[in-house]
Structures are given as C-alpha cells and as structure tokens.
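The figures that follow rest on heavy atoms only: side chains count, while hydrogens, waters and symmetry mates do not.
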Amino acid sequence: MFWVYTVPPHYRGGAFCAQRGGPALWQHHQNQRAFSNGKILVEMDEATGVAVMKMKSPPVNSLNLDFLTEFSISLEKLEIDRSCRGLILTSAVSKIFSAGLDITEMSGKSNEHYAAFWRAVQEMWLKLYGSNMVTIAAINGSSPAGGCLMALCCDYRIMADNPKFAIGLNETQLGIVAPFWFKDTMINTIGNRATELSLQLGQMYPAPEALKFGLVDKLVPEDKVQSAAAAAMSQWLSVPDHARQLTKSMMRKPAIDRLVKQREADINNFVSFISKDSIQKSLQIYMDRLKQKK
C-alpha cells in the first residue's frame, strides 16, 4: 500500500498539508512503515512504536534549507502519530552524522533568505528539543556545530567509539557565534564551565573525550551503534509516557520558552550579524579552504 504526500517547497513550521501527489513516499507492509522525502528516510516499526530517522544527504548531511524543511515535516508526522513513542536519529552517510549548518546558505544570499534559513534552523530545534517522543541520537560519525546541536537535542546519545569521530559546537572557529539557545542546550547537558570553554574555543571532542565531558552518554563499537540505540530505547520506553513527558517538559520548557518569546529578535540578530562584510569575508575564506582540501 502506497501513500504519497505533497511536501511544500518552503515549509516554515506549524501544520502541514497531506494529499495525494508529491515527492514524499510512504510504504506500508506488515508492521513496518517507511517514508522518504529525498534527504530523510524514516522507518517506523508499528510493533515497537519506534521510528528510525536516517539522514541521507551526502556527502555530509549539511543542514541546508531544503534539508531542514524535510526534517521538520518528517518529525511532525511522527509527533502526531500516536503509535510512535520513540525516535532514533542517525545517519545513512558513512563516517558522518551531520556536518552542521550549510555555510552556502549563509554566504552571498539576500537578507530574506538568511531570515528564512534561520527560521528553519529554529524550527528544527524547537521540534526536536521539545519532542514528546523519546529521542536517541545514534551518532555514527563526526558531528560538528549544527550536527552537535541535533544530537544534544536528543534525550540520550550513543556514539561510535572511534577517536577519528568528533563532536562539538565549533562555531567560533568559523568566525561566527553560537546563539543563546545553542548555548542553553549545551549548558543543560554538560554544565556552565564546560560549555564556556567549549564555545569560546570552538572545541571538537573526539569520541572518548566527548564521553568524559558528558556530550555523549555511551560509546560502543561502530557496528553496534544501532543495536545499542534500540536497546536503550527499550529501557526508556519502559517508563510511563505521561510521567516521562512531563518531566522532560519541566526540564526543557524554560529554554524553549526563551526562544519562542525572542524568536523574531533572534532572526533579526542573525541576519544583522551574518550579513556583515567582515563575517561574509570570514565565511568565504573558510569555504575557499574547504575547496583547497578537495
């Protein structure tokens, strides 16, 4: 049985419309359901109530506007599906979880584009950090900047035990500043002092150090990341949903409310900052370095 959903090309959050026709494909057979929007693949196991969301936007799962749009739509579909209790977020791209925000979305574009892009980043965070589902990040590769933020949004983080894989909010290394809600998310995970050191220095932590600092909760061999996430999910789902959800909201609502109240101001601050000539030059220098490495 196949259902096809139309995905609005410039989704900006809130409710979405579903109708026959369009690029997002649902498949249904036995207890398994799957849908794909091109950059996101979701596999839902109706027997366990657990969905696995695989980011599949090679080469590095960059968070561009299209990716963020599809991510938020996919997450909202699961959120309103009462049979879905848990989400495992992982990557279908080898050796990378997500390289974070796509720098090309922040360079050489109009202020209107910057605003639309930043609103999509906010929407991703609000939906993932505030999700009622149990969310587990199965980090099977490196996860800098926005990729780290996605992982920090989850309730539990399992990372591949490979010192070549690193995670962190390294924005200052690019000459940009992590906004207050990135900072709040990290403080709520590893504490104030560790966050200050991490953000000021733009540090990337290899997997063993990430475990030491509490950025991740568990390290397992690369080939065990998915199975370890599934095992952890079973433990989390053994707790009554209502009690866990209320506790999660109690812990996270202050940070969420802070962004909601300042959302437009945060967008304006981002646009004002990113459009400065000095910042545009820094981003261009960084992109030129990336081209030289290829």
Side-chain angles (χ1 to χ4, degrees), residues 39-44 48 50-57 60-63 67-68 71-72 74-75 78-79 84-101 121 124-162 165-170 181-182 184-190 198 204-237 244 248 251-252 255:
K39 299 178 185 295
I40 305 286
L41 172 65
V42 178
E43 299 167 336
M44 171 70 182
T48 62
V50 176
V52 177
M53 182 184 289
K54 297 179 180 178
M55 298 178 282
K56 58 180 189 77
S57 184
V60 292
N61 288 331
S62 293
L63 307 181
F67 182 99
L68 291 164
F71 182 90
S72 289
S74 298
L75 192 57
L78 295 174
E79 202 73 55
C84 185
R85 300 176 60 210
L87 171 68
I88 295 172
L89 178 63
T90 192
S91 170
V93 178
S94 176
K95 302 188 183 307
I96 190 79
F97 183 70
S98 169
L101 303 185
V121 179
M124 175 273 291
W125 181 80
L126 288 168
K127 279 183 163 53
L128 187 56
Y129 196 59
S131 174
N132 278 322
M133 296 180 288
V134 174
T135 54
I136 294 179
I139 308 167
N140 50 349
S142 287
S143 192
C148 175
L149 180 71
M150 294 178 86
L152 290 176
C153 285
C154 294
D155 299 312
Y156 195 72
R157 286 163 291 283
I158 298 172
M159 189 170 185
D161 190 2
N162 184 334
F165 296 162
I167 184 171
L169 294 177
N170 63 331
W181 39 286
F182 282 49
D184 289 347
T185 309
M186 183 172 264
I187 284 177
N188 289 347
T189 306
I190 63 173
S198 298
M204 289 290 293
Y205 297 97
E209 286 188 53
L211 179 65
K212 175 184 173 183
F213 275 88
L215 271 179
V216 299
D217 299 297
K218 188 175 185 177
L219 298 183
V220 298
E222 284 184 60
D223 62 347
K224 303 292 185 185
V225 172
Q226 303 302 325
S227 59
M233 181 62 74
S234 295
Q235 179 184 3
W236 278 77
L237 291 181
R244 182 195 55 75
K248 181 175 182 176
M251 298 295 295
R252 299 188 175 200

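M204 approaches P144 most closely through the heavy-atom pair CE-CB, 3.5 Å. A pairwise comparison of heavy atoms in M53 and S74 identifies CE-CB, 3.8 Å as the closest pair. Shortest non-hydrogen contact noted between W236 and R244 is CE3-CD, 4.1 Å. Of all heavy-atom pairs spanning G147 and L63, the tightest one is N-CD1, 4.5 Å. Scanning all heavy atoms of the two residues, the minimum distance from A228 to V220 falls at CB-CG1, 3.9 Å. Closest non-hydrogen pair, A229 versus I136, comes out as O-CD1, 3.7 Å.
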- Candidate pair T185 and L169, rule side-chain contact (heavy atoms from CB on, under 4.5 Å), full reasoning: CA-CA 11 Å; T185 309; L169 294 177; over 6 Å; no

- CA sep, side-chain torsions, deciding dist, call: L149, W181, side-chain contact (heavy atoms from CB on, under 4.5 Å): CA-CA 10 Å; L149 180 71; W181 39 286; 4.1 Å; yes

- Task: Go through the steps to decide whether M55 and V93 satisfy the test side-chain contact (heavy atoms from CB on, under 4.5 Å), and finish with yes or no.
- Result: CA-CA 7 Å; M55 298 178 282; V93 178; over 6 Å; no

- Task: Start with the C-alpha gap between L68 and V121, add the side-chain angles, then the distance that decides, and say whether side-chain contact (heavy atoms from CB on, under 4.5 Å) holds.
- Result: CA-CA 7 Å; L68 291 164; V121 179; 3.6 Å; yes

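Looking at V216 and Y205, their side chains never come closer than 4.5 Å, going by heavy atoms from C-beta outward. For the pair L152 and M186, the minimum side-chain heavy-atom distance is below 4.5 Å. You'll find the side chain of L215 stays beyond 4.5 Å of the side chain of R157, heavy atoms only. With contacts defined as side-chain heavy-atom distances shorter than 4.5 Å, the pair L87/S131 does not qualify. With a 4.5 Å cut-off on side-chain heavy atoms, F97 and I167 do not count as touching. F71 has its side chain within reach of L89: a pair of non-hydrogen atoms, C-beta onward, lies under 4.5 Å apart. In this structure, the side chains of L211 and D161 stay at 4.5 Å or more apart for every pair of heavy atoms. Side-chain contact between M150 and C153 is absent, with no heavy atoms from C-beta onward closer than 4.5 Å.
Side-chain atoms of R85 never come within 3.5 Å of backbone atoms of T48 as a donor-acceptor pair (strictly under, hydrogens ignored). Counting only distance, with no hydrogens or angles, the side chain of D217 and the backbone of I158 share no donor-acceptor pair below 3.5 Å. Of the possible donor and acceptor atoms, one in the side chain of K248 sits under 3.5 Å from a partner among the backbone N and O of M133. A donor-acceptor pair is defined here as one N or O able to donate and one able to accept, closer than 3.5 Å; such a pair exists between the side chain of T135 and the backbone of D155. With S91 contributing its side chain and I96 its backbone, the two residues share a donor-acceptor pair below 3.5 Å.
Between the CD atom of Q226 and the NZ atom of K54 there is a distance of 6.5 Å, given to the nearest 0.5 Å. Expressed to the nearest 0.5 Å, how far CE of M251 lies from CG of N188 amounts to 7.0 Å. In this structure, CG on L41 lies 11.0 Å from OG1 on T90, to the nearest 0.5 angstrom. Rounding to the nearest 0.5 Å gives a distance of 8.0 Å between CD1 of I139 and SG of C148.
Between the side chains of Y129 and D184, no donor N or O sits under 3.5 Å from an acceptor N or O.
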